[in-house]
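First up is the structure itself, then whatever we jot down about it.
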Number of protein chains: 2
Amino acid sequence: MITVSIVEDDDDIRDSLALLIDATDGFSCVNTYRDCWSAVKGIDEQLTDVVLMDIGLPGMSGIEGIRRIKEKHPELDIIVLTVHENDEIVFEALCAGACGYLVKETPTARLLEAIREAHHGGAPMSTQIARMVVGSFQKKSEHLLTSRELEVLNQLCKGKSYKMIGESLFISEETVRRHLKSIYKKLEVHSKSEAVAKALKDKLV
Amino acid sequence: MITVSIVEDDDDIRDSLALLIDATDGFSCVNTYRDCWSAVKGIDEQLTDVVLMDIGLPGMSGIEGIRRIKEKHPELDIIVLTVHENDEIVFEALCAGACGYLVKETPTARLLEAIREAHHGGAPMSTQIARMVVGSFQKKSEHLLTSRELEVLNQLCKGKSYKMIGESLFISEETVRRHLKSIYKKLEVHSKSEAVAKALKDKLV
DNA sequence: TGAAAAATGACCCAATTGGGTCATTTACCA
DNA sequence: TGGTAAATGACCCAATTGGGTCATTTTTCA
């Protein structure tokens with residue numbers, strides 16, 4: 001028996017979800033919440049296996065709610081159930097600790113399967129979301145930097161000093177400085193740390 | 001009709017995969033390769049929709065092969081098909097440009113579905129892999145750093161100088177230095193760029 | 001083959017950083 | 001309620017960095 005909590009402000013949707021889950025063999029909807037505050041508090045006392053969570057809620061944002069719930073109960077699986085298929089929100093939700101992301105139009109059969117999947121260590125997502133997530137790993141191949149500059153930037157991201165980079169690449173420290181100047185200009189940054197931050201965030205290395 | 005290439009060094013597996021795909025309605029196995037070199041060259045001349053790729057190959061590593069193929073044909077979908085369910089390799093493959101990752105034991109029905117899914121903009125993965133991928137977004141909540149130190153580190157990752165961090169957090173530059181010293185000791189680093197690299201790689205911020 | 005791009009190296013100087021020591025106040029927990 | 005951790009601030013000094021200018025060689029490609 002998989003126990004489920006629902007966080008959803010729309011009364012109709014919340015009730016019909018609860019009804020569906022309770023009516024299905026192997027599932028039990030233990031409690032429902034209309035906002036994040038009560039969910040964070042309620043789940044503390046009445047823990048469930050899976051949480052279905054809307055994130056377009058009034059009051060505390062769903063993202064913050066996910067963060068707080070996962071903070072106290074890391075083993076719990078949270079599936080986001082929402083109308084937003086916006087890039088930013090998907091990644092924020094996953095970073096906050098959601099393990100799955102479905103749009104509300106998901107057919108009930110798939111929704112039940114997703115709950116099962118989440119509880120068994122999976123990460124239920126729509127195919128579009130999955131591609132977005134996987135795509136976020138791919139490097140941006142900016143032809144902006146030359147290959148030598150990329151090598152230097154790479155070393156920089158390992159925390160090396162000019163001197164050490166020079167030794168690694170068998171060039172003088174001065175040449176490292178030359179490359180760095182060029183890199184800074186192209187990336188529009190003014191310090192090592194900014195360059196490293198940009199390189200890692202934009203997956204240049 | 002979805003066209004498929006196969007890269008796989010084991011003759012038996014390669015042939016039976018090709019046979020399966022050709023025997024299925026809506027699929028056509030256009031060519032097969034026993035190593036990455038010939039695949040990179042061959043796919044140039046005979047482009048397909050999807051590539052099934054083993055990555056435990058002799059010669060050029062499958063990862064490098066993925067990188068080279070995607071470099072020339074970014075629109076092509078590469079599904080890794082392997083026995084390795086090793087963390088590192090999964091992420092390397094995805095970073096290199098693979099859109100899906102399946103283990104070789106995958107039932108044929110699921111494999112065909114995965115090819116279809118990849119071609120329609122999805123990212124076919126086993127449930128365990130999907131969770132690994134999603135899990136990689138979650139922050140490591142190291143209690144190592146104090147909350148104030150995390151704030152400072154956060155600013156540092158935006159490329160700010162001590163002076164600017166001090167202004168942002170309404171503390172003196174000297175106090176920023178104090179926190180940085182403590183952060184460096186805890187993270188075992190010795191420069192801003194190393195700290196930024198560690199913070200971003202380990203998702204501390 | 002000849003121009004453009006890339007890679008190499010040097011010098012100067014001000015600003016920033018890294019590491020050391022010392023000290024006070026606030027917050028929290030046992 | 002008393003000790004410990006956290007947060008704040010200061011000074012010193014050597015090393016590193018960032019930005020400027022200048023110049024040569026090698027590679028690449030039209």
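- Within the structure, every pair that satisfies the side chain to side chain donor-acceptor pair (under 3.5 Å) test and touches residues 121-131 of chain A, not counting sequence neighbours, is listed here: A:R131-B:D77.
- Atom C1' of nucleotide D:dC12 and atom CD of B:E173 are separated by 14 Å, given to the nearest angstrom.
- Rounding to whole angstrom units, CD of residue B:E188 and P of C:dG18 are separated by 17 Å.
- Of the residues in residues 157-172 of chain A, those with a non-hydrogen atom less than 4.0 angstrom from any atom of DNA chain C are A:I171, A:S172.
- If you find the closest nucleotide of DNA chain D to B:T175 and to B:S193, the one lying nearer the 5' end belongs to B:T175.
- Residue contacts shown for B:S182 are absent, as no nucleic acid heavy atom lies under 4.0 Å away.
- Under the side chain to side chain contact (heavy atoms under 4.5 Å, CB included) criterion, A:A96 pairs with A:I63, A:I66, A:R67, sequence neighbours left out.
- To the nearest angstrom, P of C:dA7 lies 14 Å from CG of A:L180.
- Scanning for side chain to side chain donor-acceptor pair (under 3.5 Å) contacts around B:E113 gives B:R110, with sequence neighbours left out.
- At whole-Å resolution of the value, CG in A:L144 and P in C:dA6 are 11 Å apart.
- A:K70 meets the side chain to side chain donor-acceptor pair (under 3.5 Å) test with no other residue; sequence neighbours excluded.
- Inter-axis angle, ends of the helix from C:dT1-D:dA30 to C:dA30-D:dT1, five pairs per end, rounded to 10 degrees: 70°.
- Shown here is B:K41, whose NZ atom has no more than 12 heavy atoms of other residues, nucleotides or ligands within 6.0 Å.
- Distance NZ (A:K192) to C1' (C:dA15): 15 Å, rounded to an integer number of Å.
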5' to 3', nucleotides 19-28 of chain C under a 4.0 Å protein heavy-atom cut-off (B base, S sugar-phosphate only, - none) gives BBBB------
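- When the side chain to side chain contact (heavy atoms under 4.5 Å, CB included) test is applied to A:E75, the partners found at least two apart in sequence or on another chain are A:L47, A:H73.
- Checked for salt-bridge contact, A:E64 and A:R68 meet the test: a charged N lies under 4.0 Å from a carboxylate O.
- Taking the side chain to side chain contact (heavy atoms under 4.5 Å, CB included) definition, one finds that A:T82 meets it with A:D54, A:I55, A:V80, A:H84, A:Y101, sequence neighbours left out.
- Partners of B:E167 by salt bridge (Lys or Arg N to Asp or Glu O under 4.0 Å), not counting sequence neighbours: none found.
- Under the side chain to side chain donor-acceptor pair (under 3.5 Å) criterion, B:S191 pairs with B:S193, not counting sequence neighbours.
- Following rounding to the nearest Å, A:R148 (CZ) and D:dT25 (P) show an atom-to-atom distance of 19 Å.
- In this structure, NZ of B:K186 is placed 11 Å from P of D:dA5, rounded to the nearest angstrom.
- The side chain to side chain donor-acceptor pair (under 3.5 Å) search around A:K181 returns none, not counting sequence neighbours.
- The interatomic distance linking B:E194 (CD) with D:dT16 (C1') rounds to 14 Å, in whole Å.
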